[in-house]
Engineer: 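Structure in C-alpha cells, see below.
Computed from a predicted model, the values in this text were never measured in an experiment.
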Amino acid sequence: MFFRDVIGQEEVKQRLIQEVNEGRIPHAQLICGPEGVGKMPLTIAYARYISCSNRSETDACGVCPSCVKFNKLVHPDVHFVFPIVNKAKSPKVSVCADFLPQWREQLLTSPYFNLNHWLNNIGAENKQAQIFANESDEILKKLSLKSSEGGFKITIVWLPEKLHPVCANKLLKLLEEPPERTIFLLVSEMPDMILPTIQSRTQRMNVRKIDEASIDRVLQTKYSIQPADSLSIAHLANGNFIKALETIHLNEENQLFFDLFVSLMRLSYQRKIREMKMWSEQVAGMGRERQKNFLEYCQRMIRENFIFNLHQRDLTYMTISEQNFATRFAPFVNERNVMGIMDELSEAQIHIEQNVNAKMVFFDFSLKMIVLLKQ
C-alpha cells in the first residue's frame, strides 16, 4: 500500500509526508475517523514511507529492501496489534501472531475493511473480539529487540478501543516512556472509548470522509462502473468506501439486515406477537457482533427515514430498495417517536454488549416498537 493507492485524503497525505521530510515524526499518533475512510491504508502507506530508504517527495520508492518487505507485509520492524478471538480448542489464550497470515491476507487483498469483515475472515462466529491482556507482553518482547534495518520500530494498533484494560495500561506506560526510535500508530473508529490517558499522550489526526469525486473516479477506473451508476453509488456511500464496495457486490449481510428490519416493522405494526417472537429467535442466532451491526443498521434506517419524512431527499443515503420501502414507512417515523426508537435501539445495543440474553433483548425491543410506531 502506497500513498498513491489511498483513495482521496490528499490533505492528510501531504501532512504525513511533510512530517517525515521535516524530521518531526511524533512518537505516538492517534489516527481516527469513521469506518471506510481509509485510515488503515493511510497508516500502512505512512509506515512504508517512514521505512523507505529511497523515498521521493511524494511516495515510497517501491524497490528498496524495506519496500520489498512491505509488499508482503513481512517487514521485521513493523508490528501489528488487532482484535482477535481465542482459537477453538486452544489451551492457551491467543495472541495476534497466531492470526498474522489471515491479517496479511486481509490487508493485501481488501485494505478497506471493517471489524465484521475481519471476524468473518478468522471464523469468530459468536465470539466478541478484543486485544487480550497478554498481548502487551508480546509488544514489549518485540520492541525490546534491536531494529533489523537500523531505522524506526513501528507498532500499528488497529482499533485500540478494543484493548483489554490490562493491555491498555501497559501500552500507556510504553507511550509515557517509549523505547528509542519507536513509533506507535493507533488507528481508531471510536477514540472516545480509549483511555483518556492514552489519548493525552498521542498526537491526534482526524481523517474525514472521502469526497464523492474520488470514490466516483475509483469506481469508474478500477471497477468499470458506468458514470451514471458510479455517481449514485458514490453519493450513497457518504464518504465510506466500504459501503460503496458493498453496494457494488450486493452485500448479503446488508440484504439480510434490510429484510429483518422490514419484517420487524411490519410485524410490530400488525401486532403479530407469535411471529415477532420467532423473529427475535432468528436474530438471536446470528452471533453478538452481527447483532450489534444489525442494531447499528436499524439506527441508520430510522435516521434516514426521519430525514426522508422531512422531504429532504438530497440528504438521505439509502439504496434503491431502502428508498422504495421508505416511501411507505417514513411517515411512521416522526418528531413524536424518533427519539424513543433511537433510545430503545441504543439500550438494546448496550445489553447485547453486556451479554444479556439476545432473545429477550430483541423480543423486548420488538414489543416496544408496537407502541412507538403508533405515536
Side-chain angles (χ1 to χ4, degrees), residues 28-32 35 39-40 43-44 47 73-74 76-107 113-145 153-179 182-199 201-202 287-293 349-350 352-356 358:
Q29 290 197 62
L30 177 59
I31 300 168
C32 45
E35 178 189 290
K39 299 181 298 297
M40 201 63 191
T43 303
I44 294 172
L73 296 177
V74 292
D77 294 333
V78 178
H79 312 293
F80 292 99
V81 179
F82 43 86
I84 57 171
V85 296
N86 266 328
K87 286 193 170 183
K89 299 178 181 178
S90 176
K92 64 184 184 70
V93 177
S94 297
V95 292
C96 294
D98 298 331
F99 293 90
L100 264 181
Q102 297 101 309
W103 177 252
R104 288 178 180 135
E105 181 191 10
Q106 178 74 67
L107 289 173
F113 65 99
N114 57 27
L115 180 61
N116 199 45
H117 295 150
W118 168 238
L119 294 180
N120 287 337
N121 195 359
I122 61 174
E125 296 177 350
N126 293 345
K127 299 174 183 175
Q128 296 196 61
Q130 67 170 308
I131 299 169
F132 294 111
N134 58 341
E135 194 63 45
S136 55
D137 297 328
E138 294 293 311
I139 297 170
L140 283 166
K141 194 187 302 178
K142 289 168 184 173
L143 294 181
S144 64
L145 302 172
K153 289 177 286 185
I154 302 171
T155 300
I156 298 173
V157 184
W158 183 57
L159 303 186
E161 53 266 33
K162 296 286 184 181
L163 282 164
H164 186 280
V166 172
C167 188
N169 282 311
K170 287 191 178 180
L171 178 63
L172 173 62
K173 289 180 182 177
L174 276 172
L175 295 177
E176 288 173 337
E177 299 173 12
T182 298
I183 297 170
F184 290 92
L185 302 174
L186 281 59
V187 184
S188 172
E189 288 175 6
M190 298 180 185
D192 293 340
M193 291 177 66
I194 302 170
L195 281 178
T197 43
I198 288 181
Q199 292 186 52
R201 283 158 179 79
T202 58
R288 295 279 168 181
E289 291 297 336
R290 291 185 86 188
Q291 288 162 12
K292 288 190 281 186
N293 291 337
Q349 205 162 15
I350 291 167
I352 291 298
E353 288 173 353
Q354 294 173 340
N355 285 324
V356 177

Engineer: Just wondering, do Trp103 and Ile122 contact through their side chains at under 4.5 Å, heavy atoms?
Structural biologist: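 Result no, sub-4.5 Å side-chain heavy-atom pair not found.
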Engineer: Which value, rounded to the nearest 0.5 Å, describes the distance between Leu159 atom CG and Ser188 atom OG?
Structural biologist: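 Those atoms lie 7.0 Å apart.
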Engineer: Any salt bridge linking Glu176 with Lys173? Criterion: basic side-chain nitrogen under 4.0 Å from a carboxylate oxygen.
Structural biologist: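 No.
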Engineer: Between Gln199 (side chain only) and Ile194 (backbone N and O only), is there a donor and an acceptor less than 3.5 Å apart?
Structural biologist: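 Present.
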Engineer: Check each of Thr197, Leu163, Ile198, Leu195 against Asn169 using the side-chain contact (heavy atoms from CB on, under 4.5 Å) test, and report the only one that passes.
Structural biologist: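 Of Thr197, Leu163, Ile198, Leu195, side-chain contact (heavy atoms from CB on, under 4.5 Å) with Asn169 is met by Leu195 alone.
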Engineer: Would Leu107 and Phe80 count as a side-chain contact (heavy atoms from CB on, under 4.5 Å) here? Give the steps.
Structural biologist: CA-CA 11 Å; Leu107 289 173; Phe80 292 99; 4.1 Å; yes
Engineer: Please name the pair of heavy atoms, one in Ser94 and one in Asn134, separated by the smallest distance, quoted to 0.1 Å.
Structural biologist: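 The answer is O-OD1, 4.0 Å.
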Engineer: Give me the atom names and distance for the closest heavy-atom approach of Lys39 to Cys32.
Structural biologist: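 Closest approach of Lys39 to Cys32, heavy atoms only: CD-C, 3.6 Å.
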Engineer: Between atom CE of Met190 and atom CD of Glu35, what is the distance when rounded to the nearest 0.5 Å?
Structural biologist: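 Nearest 0.5 Å value for the CE-CD distance: 9.0 Å.
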Engineer: Check Arg288 against Ile352 and note the closest heavy-atom contact, atom names and distance.
Structural biologist: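 Nearest pair, atom of Arg288 first, then Ile352: NH1-O, 3.2 Å.
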Engineer: Please name the residue in the list Val81, Ile139, Val157 that meets the side-chain contact (heavy atoms from CB on, under 4.5 Å) test with Cys96.
Structural biologist: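 Output: one option passes, namely Val81.
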Engineer: Nearest 0.5 Å, what's the CG-CG distance between Leu145 and Leu140?
Structural biologist: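 Leu145 CG to Leu140 CG: 11.0 Å, rounded to 0.5 Å.
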Engineer: How about Phe82 and Leu115: do any of their side-chain heavy atoms sit closer than 4.5 Å?
Structural biologist: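 No, every pair of side-chain atoms sits at 4.5 Å or beyond.
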Engineer: Can you name the one residue among Lys162, Glu353, Lys292 that meets side-chain hydrogen bond (donor to acceptor under 3.5 Å, both in side chains) with Gln128?
Structural biologist: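 Only one of Lys162, Glu353, Lys292 forms a side-chain hydrogen bond (donor to acceptor under 3.5 Å, both in side chains) with Gln128, namely Lys292.
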Engineer: Looking at side-chain heavy atoms only, is the closest gap between Asp137 and Lys170 below 4.5 Å?
Structural biologist: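 Heavy-atom side-chain distance check passes, below 4.5 Å.
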Engineer: Strictly distance-based, threshold 3.5 Å: is any side-chain N or O of Lys153 a donor or acceptor partner for the main-chain N or O of Lys142?
Structural biologist: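 Not confirmed, Lys153 side chain does not pair with Lys142 backbone.
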Engineer: For the CD atom of Glu138 and the CG atom of Asp98, what is their distance to the nearest 0.5 Å?
Structural biologist: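 These two atoms lie 8.0 Å from each other.
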Engineer: Report the residue from Ile44, Ile156, Leu30 that forms a side-chain contact (heavy atoms from CB on, under 4.5 Å) with Leu185.
Structural biologist: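 Testing each of Ile44, Ile156, Leu30 against Leu185, the sole residue satisfying side-chain contact (heavy atoms from CB on, under 4.5 Å) is Ile156.
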Engineer: Looking just at side-chain N and O atoms, do Asn120 and His117 make a donor-acceptor pair shorter than 3.5 Å?
Structural biologist: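 The answer is no; no qualifying pair exists.
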Engineer: Minimum heavy-atom separation for Phe99 to Trp118, with atom names?
Structural biologist: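 Here Phe99 and Trp118 meet closest at O-CH2, 3.9 Å.
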Engineer: Measuring from Asn121:CG to Asn116:CG, what's the distance to the nearest 0.5 Å?
Structural biologist: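 Reported to 0.5 Å precision, the distance equals 11.5 Å.
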Engineer: For the backbone of Cys167 and the side chain of Glu135, can you confirm whether one donor and one acceptor N or O come within less than 3.5 Å of each other?
Structural biologist: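 Answer holds: no.
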Engineer: Locate the shortest heavy-atom distance separating Pro83 from Ala129; write the atom from each residue and the value.
Structural biologist: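 Taking Pro83 first and Ala129 second, the nearest heavy atoms are CB-CB, 3.8 Å.
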Engineer: Counting C-beta onward and ignoring hydrogens, is there a side-chain heavy-atom pair between Phe184 and Leu171 closer than 4.5 Å?
Structural biologist: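 Yes, their side chains come closer than 4.5 Å.
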Engineer: What are the two closest heavy atoms between Val85 and Phe132, and how far apart are they?
Structural biologist: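 Shortest heavy-atom contact: C-CE1, 4.0 Å.
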Engineer: About how many Å separate CG of Asn293 and CD of Gln349, when rounded to the nearest 0.5 Å?
Structural biologist: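 Going from CD on Gln349 over to CG on Asn293, the span is 9.0 Å.
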Engineer: For the residue pair Asn114 and Glu189, confirm or rule out a side-chain donor-acceptor distance under 3.5 Å.
Structural biologist: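 Not at all, the side chains of Asn114 and Glu189 share no donor-acceptor pair under 3.5 Å.
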